[in-house]
Amino acid sequence: MDFSSIRKLITRWCAGEENWVDTRTVYIGNKEPPPGAEAYIPQRYPDNRIISSKYTFWNFFPKNLFEQFRRIANFYFLIIFLVQLIIDTPTSPITSGLPLFFVITVTAIKQGYEDWLRHKADNAINQCPVHEVQHGKVIRKQSRKLRVGDVVLIKEDETFPCDLILLSTSREDGTCFVTTASLDGESSHKTYYAVQDTKAFITEEDFDTLQASIECEQPQPDLYKFVGRINIYSDRNEPIARPLGSENLLLRGATLKNTQHIYAVAIYTGMETKMALNYQSKSQKRSAVEKSMNAYLIVYLCILISKALINTVLKYVWQADPDKDEPFYNQKTDTERQRHILIRAFTDFLAFMVLFNYIIPVSMYVTVEMQKFLGSYFIMWDDEMFDEELGERAQVNTSDLNEELGQVEYVFTDKTGTLTENNMEFIECCVDGYVYVPDAICNGQVMPGSTSMDMIDSSPGPGGKESEELFFRALCLCHTVQVKEEETVDGIKMGIHQNKATSFYISSSPDEVALVEGMKRLGFTYLRLKDSHMEILNREDEVERFELLEVLTFDSVRRRMSVIVRSTTGEYYLFCKGADSSIFPRVISGKVEQVKARVEHNAVEGLRTLCVAYRKLSVAQYEETCHLLNSAKLALQDRDRKLAEAYDLIEKDFVLLGATAVEDRLQDKAADTIESLQKAGMKVWVLTGDKMETAAATCYASKLFRRSTQILELTTKRTEEQSLHDVLFDLSKTVLRQHGSMTRDTFSGLSADCVDYGLIIDGATLSAVLKPSQEDSSQGNYKEIFLEICRNCSAVLCCRMAPLQKAQIVKLIKSSPEHPITLAIGDGANDVSMILEAHVGIGIMGKEGRQAARNSDYAIPKFKHLKKMLLVHGHYYYIRISELVQYFFYKNVAFIFPQFLYQFFCGFSQQPLYDTAYLTLYNISFTSLPILLFSLIEQHINMDILKKDPSLYRDIAKNSLLRWPIFIYWTFLGVFDAVVFFFGSYFLFNNSTFTSNGQMFGNWTFGTLVFTVLVFTVTLKLALDTHYWTWINHFVIWGSLLFFVIFSLLWGGIIWPFLNYQRMYYVFIQMLSSGPAWLSIILLIVISLLPDVVKKVICRALWPTTTERIQVGEHTHTHTNTYTHTHTHAHIMHRSTSSHFTSVTPASSRELIGLTS
Amino acid sequence: MMASSYNAKEEDRHQPGATGHVGSGTMTNKMPDNTAFKQQRLPAWQPILTAGTVLPAFFVIGLLFIPIGVGLFVTSNNIKEFEIDYTGVDMSSPCYSCSQSYSWNNTKSCTCSVPFSLDQPFESNVFMYYGLSNFYQNHRRYVKSRDDSQLNGDKTSLQSPSKECEPYRSSDKPIAPCGAIANSLFNDTLELYYIDPNGSRTAIPLVKKGIAWWTDKHVKFRNPSGNNNLTVVFQGTSKPVNWRKPVFELDPSDSDNNGFINEDFIVWMRTAALPTFRKLYRIIQKKPNNMTPTLPRGEYILEVTYNYPVRSFDGRKRMILSAISWMGGKNPFLGIAYITVGSVCFCLGLVLLSIHYRYGKRNSADISS
């Protein structure tokens, strides 16, 4: 390399790339660069080992423990345990140590197992053989030994071991096909290109001679972004620099298809591959239930501390009299006496904390986690959410949010592929105002060539024929569709010539496939891309060849794509197709008016329209274009921006050819689903990139807007006429006036039926509204006014949205004062941002790949499955988990409060009421399974009714079952029960005998009596709350009571050799041998359960919720035999007494007509 | 744990079915198994608590509880119980002087006689209790201050008692039985005399067998084995500080009631639940001929050997005579509670009935329309 080239490099370096330091230089084959090249700085790269496991054998124990104790609850229990170990505490450390140990062990085993699986998978990957080219020979080595710079040989159907730059392929044109199914789920074959200058290196020996270096950015996780440059040092000593883009980069995890073999060089290895970088999971989402759970925990922590404080203070008040502190029969040891009063007080406080610590149960966390984890299986198992067509069932990526599905208030849905099938069908095209409709498929076969088209507006003008054919050619050329041939020999020719479906089109965009297929029906068949030539079979069965020079790929900002081709006659054409809004401004001639009218007409029909335009390029123009593009492509920095600028310069001065219309049919039951969601009180917003008219048409079709809906528009069209300020205020006035009159109706609970507003807003206006407030203070208020309007609209349509704007909208609603729970659903990569932003993100396993499904919390095959997901599963899980949480607090109050009361009768000496075994096992075995199973299979209402009557969803809206009043009710119920248990036993024991042989019972019998009543009451309370008694419930509820009895018999039946005390010996059996003990157990259970039953019954009778009414209805329905007789009578009764009642719940009663009759 | 094992079972059951579908390949793998459990459609009983369904339960509870309560109450009222406080707090009380001159080291015991009269005769077996109040046998330091393996006859524990026994673990030699509970053994002796109308005193025979739990006496408490001579067995141990005599002299007359298996000792070792408690002391068995009552009406004298000091902590000592029925001693609480709950249930039943008539119809009508 001579001096000039270095200077050239330096100047290029200085030209604008000074800041670009985050690069790596890779020498292909790890060969020293030729002398004189840039200084060779050996860089250290990780080896190609993928480590998805978290732990190694050695660090598992400490690391896992550390991770577990980072959770606040575990840490709390650890502290309690340590306190028990250090100070002299009332209960043995086992009581809290054992459950903690249990929890930690179970979690550790689970995580260890998962990690072991990961290790196994890692090993399998890391040890799989790869072929490396070294010194002109192919050697096999383990994948993990691959280094950056190694040249590897990949054969067909092999998976790439790391991120590679494609150097050459077995195909002549230097392309290879790759499927990225395991990365993003897209099964279509994608084409990747070899570097132009290394295409010729096709044998191992060739690569020995290749001297080149690659400069590229440091690894970053974006799968679709890559910028780099390859410098090839040939004999001329002048390095040739070539740009590298994502089309040259083969990603780890993708598979080579339809290509015999390729050579490629490793640039990112091991943990630096894009796939590995994408392992980093998304941020944790926490459900509303979890938040209230934590709030409750804090309340209970306060209760715990105040209990301990009260008892400590009372203890010292009580002990002020030395005869009480140290009566002759109960002396202290000398060391105890000598301890400082403050230390004594502090240890006493800690001891009380330990005594009462069970009020915050360790097992609640385990149970909640198990409930969520196991519960999510029901979603995956659900038959009704299985899609035959795709062969897919619902998929749960995070089980933490099951109950959040029952709390959704806002649904943000994508349109294309979510509401609609994303199954495009070419409907018509319009060339210069003449409309062509291809005939439908005949006998299952496309009839090409035949003139089977209707000319609605016949007699094209003299120039018509020409522009018509140009239009068809444009559509045949301007796309990125691939022809996938069947694997048979000369399948291509066979397939297309005989018109058998042996070859078909594949593309990442279904619109393009529809268009190309539409063209086929109109007589122009796209055959293939061969040697950079696109071949078209025209109507006369002649093959036309166009050289494909450039592809200006589609992106969602430009909303158009172009190709530059050279015809056989040597003319250069630029064909462009894109959204009308991005084409029309760039058109200089053509029948714009007619086409525009047709486009608008089609858009209103709900069709997706595209406009097609072209521009003839002179040779000079073409060269200029090439220059523009190449300089942009070569840029290493800001390449995207520079490309966009170049595209902008190139795509102009178009001649309009015409427009196409493609229909995207609504998904099955999409309208029904939306209607149900609205009835369930959810606000449905459609966020789409489509244009307003199309989107609005879809909204009408899917019943998001109804005929009665008054549409408010907040679009650029309107803001052009009026200022944004005025428009906003106008709208808010209309809405608020209506809202004022509405409030009177709202208390009936079903306001949405009364007034219907639909808002349409477009992306441009939205960004104006959301623009952060500048110096003008009124600007800042737009957001609030906008929110106010939105909140009063039952449906909102946002069109022309960029992906990021979708997320912005979600964020806006999320952060509005009421903090509603949001759900985002979408199928494409453009929905990922909003899926990640929303409280619950749902992905649809659609045609646009699996990106949305991968990033979502739940993935479902079809939009219609959302209905069951929310109305049934969400509802159930919310009911279940809220009962679980409340019940856990209840049962622990009832458990610990008697112990607190007992302190008043034992001189505040921290004497535990229950035996150690009872303290330990209460939460982990006597009362754990019934609630866990309840929280897995409870169904308060039949699931068919939940689906039929979406308004039931409103009953649980706004976290209604975990509100403070309900929490306080449960807590008081727990306290009441505790008081009953304790004082009931107290009066029985107080200075009296209750055996028939005159013998007396001691304090452990007292505790056992309380505990027995406690276990029975708490379990029966759950039994009373259970609405759905399967055999599992019976088994678990009666089983755990039986277990308690058997355990107690056994525990007291033997002198346990390993225990240093035998206080429970025969206590339980002696207690059962006394008649009054039986009588009092029964009595106390009845008293404890009575208030709750009475409250339930009276509330149900006097103020029934919709849910409860349905339950009764369901109940009577099951006993219809006797009911039909009284039916007419009841009907008359109803007419005469409470006719106003029907108007309150029109929805639910309407549904029920079908039920009872 | 339950759930997972259950799932496994489901899977197993389904396995043959799944392999039956050959050919559809991946479809079958992803197709959810259509079992009732997985589809959450297990057959289930779906009860609902409505006024209508709960009503009968309330009436049944009411109708059951009230008679039981009345029965309990009547039984409890028929049980005779007599209680006398012999602490000697008042100057006038016969045990006043004894209660004043207290010292553990007193070798000479103080006795006092408390006269009392029974208005009604006691039939059947009569149980004699001593009662203490304001005595915290349930204090934590006290409750744990014992060594169960020592009491169970373990030789090593006999020589080195548990640390829990501190400060009553050893004096110079290890203490047997160790601990605060044993140390504070109730050591008053109570004797009953019947004053015949002619003035002569007849001692009433007091049986000391059967006052402790059978299992305690025969299993939980055991003398260290090896030698029938307890004096030898307990060699190398010292008596608890407050005791007058060592453990092997608790009842020299009866080897089955001596040492750790002395019933008075066992009764004391069962710590009471509340600070006011009673413990069974003796049983007065009914006369074999059944003609005369166990304790006829008339004058009695309670002879107390006053050893146990309670004045320091404001305690009281009582002697209780009580008959026992099938439901234990006199305790009106249970009967009253049953009657109350029964009647509350009954009243609630009535209230619910009216609610049911007023609103229940409306609801079902509303549903059916």
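Just so it is clear: chains get the letters A, B, ... in the order the sequence lines come, proteins before strands, and each one is counted from 1.
When heavy atoms are compared at a cutoff of 4.5 Å, A:I1069 does not approach chain B at all. Contacts between A:L1090 and chain B at a heavy-atom distance below 4.5 Å involve the side chain alone, from C-beta outward. With a 4.5 angstrom heavy-atom cutoff, B:A337 touches chain A via backbone and side-chain atoms both. Of the two parts of B:V267, neither the backbone nor the side chain holds a non-hydrogen atom closer than 4.5 Å to a non-hydrogen atom of chain A. In this structure, chain A has a heavy atom under 4.5 Å from the backbone of B:I211, while its side chain stays farther away. For chain A, the nearby part of B:R318 is the side chain; its heavy atoms alone come within less than 4.5 Å. In this structure, the portions of B:F313 lying under 4.5 Å from any heavy atom of chain A include both its backbone and its side chain. Neither the backbone nor the side chain of B:I181 comes within contact range of chain A; no heavy atom of the residue lies under 4.5 Å from a heavy atom of that chain. With a threshold of 4.5 angstrom between heavy atoms, B:D314 does not approach chain A through any atom at all. Residue A:E336 touches chain B through its side chain alone, counting heavy-atom pairs closer than 4.5 Å. The parts of B:T215 that come within reach of chain A are both its backbone and its side chain, each placing non-hydrogen atoms under 4.5 angstrom from that chain. If you measure heavy-atom distances from B:P43 to chain A, the contacts under 4.5 Å come from the backbone alone. With a 4.5 Å cut-off on non-hydrogen atoms, A:P327 touches chain B through its side chain but not through its backbone. B:L151 does not touch chain A: none of its heavy atoms, backbone or side chain, sits under 4.5 Å away. The contact between A:T995 and chain B is made entirely by backbone atoms, counting heavy-atom distances below 4.5 Å. There is no contact between A:N1033 and chain B, counting heavy-atom distances below 4.5 Å. Residue A:Q1070 touches chain B through its side chain alone, counting heavy-atom pairs closer than 4.5 Å. For B:F333, the part sitting under 4.5 Å from any heavy atom of chain A is the side chain, from C-beta outward, and nothing else. With a threshold of 4.5 angstrom between heavy atoms, A:V1067 approaches chain B through its backbone and through its side chain. In this structure, the portion of A:T1026 lying under 4.5 Å from any heavy atom of chain B is its backbone and not its side chain. Heavy atoms of B:K220 lying under 4.5 Å from chain A belong to its backbone as well as its side chain. Proximity to chain A (any heavy atom under 4.5 Å) is shown, for B:A323, by neither the backbone nor the side chain. Using a 4.5 Å cut-off between heavy atoms, B:S325 touches chain A through its backbone atoms (N, CA, C, O) alone.
Remark: B:N331 CG to A:S992 OG distance equals 3.5 Å, nearest 0.5 Å. If you take OH on A:Y377 and NZ on B:K38, they are separated by 10.0 Å, rounding to the nearest 0.5 Å.
Per-residue counts of heavy-atom pairs under 4.5 Å with chain B were compared for A:F994, A:F1006, A:Y1066; the largest is that of A:Y1066. Counting heavy-atom pairs closer than 4.5 Å to chain B, the top residue among A:L1079, A:I1087, A:I1055 is A:L1079. In terms of heavy-atom pairs under 4.5 Å with chain A, the best-connected choice from B:F277, B:Y168, B:W214, B:W326 is B:Y168. Between chain A and the residues B:Y142, B:Y136, B:F127, the most heavy-atom pairs under 4.5 angstrom are made by B:Y136. Options A:Q999, A:H1034, A:M943 differ in how many heavy-atom pairs under 4.5 Å they form with chain B, and the most are formed by A:Q999. Contact count versus chain B (heavy atoms, under 4.5 Å) is highest, among A:L988, A:N990, A:I937, A:V1093, for A:L988. Across A:T1005, A:N997, A:T1030, the residue that shares the most heavy-atom pairs under 4.5 angstrom with chain B is A:T1030. Chain B forms the most heavy-atom pairs under 4.5 Å with one residue out of A:S909, A:G984, A:P1057, A:A1077, and that residue is A:S909.
A donor-acceptor pair under 3.5 Å is absent between the side-chain atoms of B:Q46 and the main chain of A:W1029, judged by distance alone. Judged by distance alone, the side chain of A:Q939 and the main-chain N or O of B:Q40 form a donor-acceptor pair under 3.5 Å. Of the possible polar contacts, one joining the B:R141 side chain to the A:N330 backbone as a donor-acceptor pair under 3.5 Å is found. Under a 3.5 Å cut-off, the side chain of B:D148 and the backbone N or O of A:Q1062 do form a donor-acceptor pair.
A salt bridge links A:D944 with B:R41; the closest basic N to acidic carboxylate O contact falls under 4.0 Å.
A:Y329 and B:F135 have parallel rings, their planes meeting at less than 30° on a 0 to 90° scale where 60° marks the start of perpendicular. A:F328 and B:Y308 have perpendicular rings, their planes meeting at more than 60° on a 0 to 90° scale where under 30° would count as parallel.
Side-chain N/O atoms of B:S312 and A:D323 include no donor and acceptor closer than 3.5 Å.
Across every non-hydrogen atom of B:I48 and A:Q1111, the tightest pair is CD1-O, 3.1 Å. The nearest pair of heavy atoms linking A:P1076 to B:M327 is CG-O, 3.0 Å. Across A:F989 and B:A273, no two heavy atoms sit closer than the pair CD2-CB, 4.2 Å. When every heavy atom of A:A1101 is checked against every heavy atom of B:I355, the shortest pair comes out as CB-CG2, 3.3 Å.
With sequence neighbours left out, A:F905 forms a ring-ring contact (aromatic ring centres under 6.0 Å, His included) with A:F982, A:Y986.
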Item to check | Test ring-ring contact (aromatic ring centres under 6.0 Å, His included) applied to B:W213 and A:F1001, step by step | outcome: CA-CA 9 Å; B:W213 291 14; A:F1001 289 152; 5.7 Å; yes
Next on the checklist: Walk me through whether B:L334 and A:S1080 qualify under side-chain contact (heavy atoms from CB on, under 4.5 Å).
Outcome noted: CA-CA 7 Å; B:L334 209 51; A:S1080 55; 3.8 Å; yes
Checklist entry - Is there a side-chain contact (heavy atoms from CB on, under 4.5 Å) between B:E166 and A:Q331 once you walk through the steps? => result CA-CA 9 Å; B:E166 288 290 357; A:Q331 303 277 310; over 6 Å; no
Next on the checklist: Run the side-chain hydrogen bond (donor to acceptor under 3.5 Å, both in side chains) test on B:Y129 and A:T993 for me, step by step, so that the C-alpha distance in whole Å, both residues' side-chain angles and the decisive distance to 0.1 Å come before the verdict.
Outcome noted: CA-CA 10 Å; B:Y129 296 88; A:T993 322; 3.2 Å; yes
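Each of A:Q910, A:Q903, A:Q911 was scored for a side chain to side chain donor-acceptor pair (under 3.5 Å) with B:R140, with one residue passing: A:Q910.
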